[in-house]
Amino acid sequence: MASLSGSYVKPKAPALTRFFASTPVCIVIYVVVVGFIISSAHNGSKAMGYNWQWYRVPKYFYTFTDDGFQWGEIAIGLVKTAELSLLAFLLALILGLVIALLRLSDLIVGRAISVVFLEIVRNTPLLVLLYLFYYVLGPIFDLDRYVASILCLGVYHGAMISEILRAGINAVPTGQWDGAKSIGMSTAQMYRYIVLPQSIRFMLPPLTGEAVNMIKSSAIVSVIAVAELTTIGRNIISDTYMSFEIWFTIAVVYLIVTLILSIGISYVERHFAVTE
Amino acid sequence: MSTDTTMIEATNLDKYYGKFQALKNINLSVDQGERVVICGPSGSGKSTLIRCINGLENHNAGKLVVDGIEVFEGSKDIRRLRQEVGMVFQQFNLFPHLSVLENLTIGPIRVRKKSKTEAEANARKYLERVHIPEQADKFPSQLSGGQQQRVAIARSLCMETRIMLFDEPTSALDPEMINEVLEVMVDLAESGGMTMVCVTHEMGFARRVADTMVFMDEGEIIESSPPEHFFTNPETERCQAFLKQILVH
Ligand SMILES: Nc1ncnc2c1ncn2[C@@H]1O[C@H](COP(=O)(O)OP(=O)(O)O)[C@@H](O)[C@H]1O
Ligand SMILES: [Mg+2]
């Protein structure tokens, strides 16, 4: 029922949902869960008689010796992960846009190509796709492991991104197309000046999620020994046997990177929200 | 009948949405400078007809020639046609991410390839014409419905087309804003030269400016006559009933 004042009253979520969604309760739950994980790891390692050696970890970030300052292996691996993810993400964006535009086009062939591409990529496990790129396409097209990794990640996430872009484009009301057509714009002009600028704010939140996914799934290229963060972690452990310390550290590094990314983009989002 | 001065010539137009026939054997001829008002009950195909005229919808059978350009699905000339036919929509369809001035200049700059200075000077002239020169730097969401629709009219004017289509331009407006938009439209109509096809139920406006009244029902043109005749002596019962209903209310 519409209220007489004409102001829209947001329907309230059930009390229980609201209780669990409130910030203080979330923080408490988070602390309890993290505490549980850490304490069970601690107890487990004690039962195994694990010898903690945290003091040996920092040197994998950087060292400061007579030779001067030097980045450690983890820092170098992190840069490699960032580089790999960034290149793969750019490829995924371009590929995603092409696939989305084909899907939305009037061309029957274009739509067919994009649907087949999407179905194949979405129904293939990332690991299988990686093997395909490295062991099958690699020798044929002479791709080294690094290039094969970028192509694989780009194609895999390109499929996801094309769906994000398509949904964002479809979220722009049809009246905008009518308005743009009525002043004689070409399809390219409509996308460039009218539709894409308006769909960016629909696309940014899921694109952030996809960028975070990209960084996380880049770890998979460690199976073909590309020297990124996870591979480095494995190598250090095989040298030092500090599996607990190193895996915790690597996990925290991933967490920090993805958190910084999410927070950074939420600022950008706010910028797009006001210039409406 | 087609003459040198015919701007819009529709012959035996049919239009289907799937199996549903939205336009049935439409014949309509509009002369240069002629002002046609189309009315009829909701769902009678008024929007469909007017949207066919600038190729926003494609007709399935019959022939449609607008400003000497034949309109058909996949025509290469469709953009050239749209540059000669302005359109004002019920829901305004302004570009919300652009300022009023940018809404008015994006067509002239990107489509007509005019310089920014020239396009802006022109835009300000037309904002003056629709009585809102002071709103140039605002965004559409900051304007009232009546102001938004006047911006939409100015956007069409900026393209300097010879034909203007209006699809129920005042139906989405609060009553107190209808007049400010109608005034602008009367001014356009009376300044002459422009061919206008206007779907509206504003019969006061129709009486004042229309050269020809067209009544549509169930996808057909039922009547087409000069307003003197149309309002005093409607020939069909359907039209009489419609007018009675709309004029009482
Ligand atoms: N895109 C569409 N798809 C299917 N049916 C449509 C579509 N647009 C309009 N129609 C139908 O065509 C008929 C005429 O619609 P319309 O031209 O919008 O009528 P009016 O403008 O006179 O109210 C209506 O019955 C409507 O439901
Ligand atoms: Mg309509």
Side-chain angles (χ1 to χ4, degrees), chain A residues 2-8 97 101-102 104-112 165 167-205 207 267-276, chain B residues 47 50-51 53-58 73-74 76-99 102-113 119 139-142 148 151-161 163-167 172:
Chain A
S3 68
L4 287 175
S5 67
S7 65
Y8 172 70
L97 188 62
L101 293 181
L102 278 180
L104 292 165
S105 74
D106 296 331
L107 308 167
I108 294 173
V109 182
R111 288 203 302 261
L165 300 186
I169 288 168
N170 280 336
V172 174
T174 52
Q176 291 295 307
W177 292 97
D178 287 347
K181 281 180 194 166
S182 77
I183 53 173
M185 283 192 169
S186 67
T187 308
Q189 288 174 328
M190 290 191 272
Y191 273 115
R192 172 151 174 222
Y193 300 114
I194 307 302
V195 176
L196 289 179
Q198 291 187 65
S199 35
I200 282 184
R201 67 199 166 96
F202 301 116
M203 296 170 179
L204 267 183
L207 277 183
Y267 274 105
V268 180
E269 261 163 45
R270 235 164 287 162
H271 166 76
F272 276 102
V274 281
T275 55
E276 145 91 12
Chain B
S47 298
I50 205 170
R51 288 166 64 84
I53 294 175
N54 68 349
L56 290 181
E57 302 286 351
N58 295 303
E73 182 157 17
K76 295 261 177 299
D77 292 325
I78 207 80
R79 279 187 63 206
R80 195 158 64 82
L81 169 83
R82 285 180 185 148
Q83 292 174 29
E84 302 313 323
V85 183
M87 180 148 184
V88 174
F89 302 88
Q90 186 173 354
Q91 300 297 340
F92 326 138
N93 297 349
L94 292 175
F95 308 129
H97 61 302
L98 302 178
S99 72
E102 289 165 337
N103 264 277
L104 302 194
T105 55
I106 191 156
I109 291 174
R110 300 296 170 194
V111 179
R112 289 241 192 268
K113 310 290 180 202
F139 281 86
S141 58
Q142 296 169 304
Q148 289 189 46
V151 172
I153 293 173
R155 179 174 71 181
S156 268
L157 290 174
C158 282
M159 292 302 288
E160 314 207 293
T161 59
I163 305 176
M164 280 268 262
L165 310 174
F166 295 83
D167 190 2

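The chains referred to below are lettered A, B, ... by the order of the sequence lines, with proteins before strands, and numbering in each begins at 1.
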Table please: side-chain donor-acceptor pairs of residues 102-111 of chain B below 3.5 Å, with sequence neighbours left out.
from      : atom 1 : to        : atom 2 : distance (Å)
Glu102(B) : OE1    : Ser99(B)  : N      : 2.8
Glu102(B) : OE1    : Ser99(B)  : OG     : 3.4
Asn103(B) : OD1    : Phe95(B)  : N      : 2.8
Asn103(B) : ND2    : Phe95(B)  : O      : 3.1
Asn103(B) : ND2    : Leu98(B)  : O      : 3.0
Asn103(B) : ND2    : Ser99(B)  : O      : 3.1
Thr105(B) : OG1    : Leu101(B) : O      : 3.0
Arg110(B) : NE     : Tyr193(A) : OH     : 3.4
Arg110(B) : NH1    : Tyr193(A) : OH     : 3.2

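- Listed by chain and residue number, nothing satisfies the salt bridge (charged side-chain N to carboxylate O under 4.0 Å, His left out) test with Arg111(A) (two or more places apart in sequence, or in another chain).
- Looking at Leu94(B), the atoms closer than 4.5 Å to chain A (heavy atoms on both sides) all sit in the backbone: N, CA, C or O.
- For residues 181-191 of chain A, the interface with chain B (any heavy-atom pair closer than 4.5 Å) comprises Lys181(A), Ser182(A), Ile183(A), Gly184(A), Met185(A), Ser186(A), Gln189(A), sorted by residue number.
- Across every non-hydrogen atom of Ile194(A) and His97(B), the tightest pair is O-CE1, 3.6 Å.
- Using a 4.5 Å cut-off between heavy atoms, Arg51(B) contacts chain A through its side chain alone, with no backbone atom that close.
- Of residues 82-90 of chain B, those residues with a non-hydrogen atom less than 4.5 Å from any non-hydrogen atom of chain A are, in numerical order, Arg82(B), Gln83(B), Val85(B), Met87(B), Phe89(B).
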